[in-house]
Q: 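Below are the structure tokens for one structure; questions will follow.
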2 protein chains.
Amino acid sequence: MITTENSDALAQRLADSGLRSTPQRGLVYEALLKTRDHPTADELYVRVKSDLPTISLATVYNCLETLVHCHLVRAVNFERGPTRYCPNLQPHAHFHDDDTGETHDIDLPASLLHQVNAVLPGGYHSSSIEIIFRGKSPHRRASATKA
Amino acid sequence: MITTENSDALAQRLADSGLRSTPQRGLVYEALLKTRDHPTADELYVRVKSDLPTISLATVYNCLETLVHCHLVRAVNFERGPTRYCPNLQPHAHFHDDDTGETHDIDLPASLLHQVNAVLPGGYHSSSIEIIFRGKSPHRRASATKA
DNA sequence: CTTGATGTTTAGAATGATTCTAATTCTGTA
DNA sequence: TACAGAATTAGAATCATTCTAAACATCAAG
């Protein structure tokens, strides 16, 4: 599963960001490519440890951060930090402003939800759909307000 | 902002679930309705404390869990638990199987992403879109596999 | 109106993922 | 070879959340 292609891609992407190619980074990436599941840092740590017993959990975290930064890997965890709550029960998406950290509600027409739901292959039944945007929102004032 | 309507709705929903209406639950709900932001449990704790100084953080968590359970409040935090990583760079959504805990990739046509993006009001610019489904997926085998 | 049974709240301890720190090791280049 | 910056490491620290056990409140039955 680890191919010269993948190794090269990794080395190339790292170089693009001015970063070094290291065994640890290679192994973490390799371990990730080897499976179709969505492992946690801890699970990867266990898997990589058999090849490189001296690797530390912190390094696995570091490598993952690097891989995400190089756009070779996607972090499938949506919000870092504490859970937030809202009393808005209408179907809506959330927009996270990268600059201010604010979360805004975005109304979602029912028709769009149907269309999104329609991409599910047969046999899948969703009880909820969560849509999160991330980016820049229009500022009302010069200074940022909270959350 | 706290109206008889809201109080009644709360009492009603609680009753529907066989739960009691308590000052703590009322205050947490009220505090949540009072603002359009998306407060954390900790922020709500601070706000509610001025009305009921003896309330504890654990109670705020409990009340929020109750409100979510009664469908009066939505928890805007997507994944509890550790971050997961995937090397699939194609645009795709994630489907969380409620039964097995597995995460499956769902392909997303570019056209759908454009449509989703189109719901953003003017001035919003998203750099990423995350779509998470939750529900039941078709089982291949009788027993569940991991993650 | 007493007595349970059960539901709630509370403070503080425990958990668990992640990040930080400071020391060590490595690598590429002068 | 030797230095500077990058990377790794182990372990401590952080922080949101959950757990625990005890105290409290409330309702229904006698």
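Computation of the quantities below employed the complete heavy-atom set of this structure, encompassing side-chain atoms and omitting hydrogens, waters and symmetry-equivalent molecules. Sequence lines set the chain letters: A, B, ... in the order given, protein chains first and strands last, and positions in each chain run from 1.
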Q: Atom CG of B:D42 and atom C1' of D:dA16: how far apart are they, to the nearest Å?
A: 8 Å

Q: Rounded to the Å, how far apart are B:Y45 OH and C:dA11 C1'?
A: 9 Å

Q: Which heavy atom of B:C70 sits nearest to which heavy atom of B:S17, and what is that distance?
A: SG-OG, 4.0 Å

Q: Provide, to the nearest angstrom, the distance between the CG atom belonging to A:L27 and the P atom belonging to D:dT8.
A: 11 Å

Q: Check whether B:L52 and B:L10 end up in the same hydrophobic cluster, where Ile, Leu, Val, Met, Phe, Trp and Tyr are linked by side-chain heavy atoms less than 4.5 Å apart.
A: yes

Q: Before accepting this row, confirm whether a basic side-chain N of the pair A:D42/A:K49 lies closer than 4.0 Å to the acidic partner's carboxylate O.
A: no

Q: Rounded to whole Å, please give me the gap between CG in B:L14 and C1' in D:dC27.
A: 16 Å

Q: How would nucleotides 4-9 of chain C be written as a contact map, 5' to 3', with B for base contact, S for sugar-phosphate-only contact and - for no contact, using protein heavy atoms under 4.0 Å?
A: --BSSS

Q: What is the distance, rounded to the nearest whole Å, between atom OH of B:Y85 and atom P of C:dA17?
A: 12 Å

Q: Calculate the interatomic distance between A:E43 atom CD and C:dT18 atom C1'; express it in whole Å.
A: 15 Å

Q: When rounded to the nearest 0.5 angstrom, what distance separates OH in B:Y124 from CZ in A:F95?
A: 7.0 Å

Q: Once you round to the nearest 0.5 Å, how far does CD of A:Q90 lie from CG of A:D105?
A: 10.5 Å

Q: Under a plain distance cut-off of 3.5 Å, with no hydrogens placed, do A:H96 and A:H94 share a side-chain donor-acceptor pair?
A: no

Q: When the C1' atoms of the five terminal pairs at each end define the local axes, what inter-axis angle does the helix from C:dC1-D:dG30 to C:dA30-D:dT1 show, to 10 degrees?
A: 10°

Q: Extract all donor-acceptor atom pairs below 3.5 Å that involve side chains of residues 54-62 of chain B and protein atoms in other chains or at least two apart in sequence.
A:
| unit_1 | atom_1 | unit_2 | atom_2 | d |
| --- | --- | --- | --- | --- |
| B:S56 | OG | B:A58 | N | 3.4 |
| B:S56 | OG | B:T59 | N | 3.2 |
| B:S56 | OG | B:T59 | OG1 | 3.1 |
| B:N62 | ND2 | B:A58 | O | 3.3 |

Q: Rounded to the Å, how far apart are A:L64 CG and C:dT19 P?
A: 10 Å

Q: Could you give the distance from CZ (B:R47) to CG (B:L32), rounded to the nearest 0.5 Å?
A: 8.5 Å

Q: Going by distance alone, is a donor N or O of one side chain under 3.5 Å from an acceptor N or O of the other, for A:S126 and A:N117?
A: yes

Q: What integer distance in Å separates A:H69:NE2 from D:dA7:C1'?
A: 16 Å

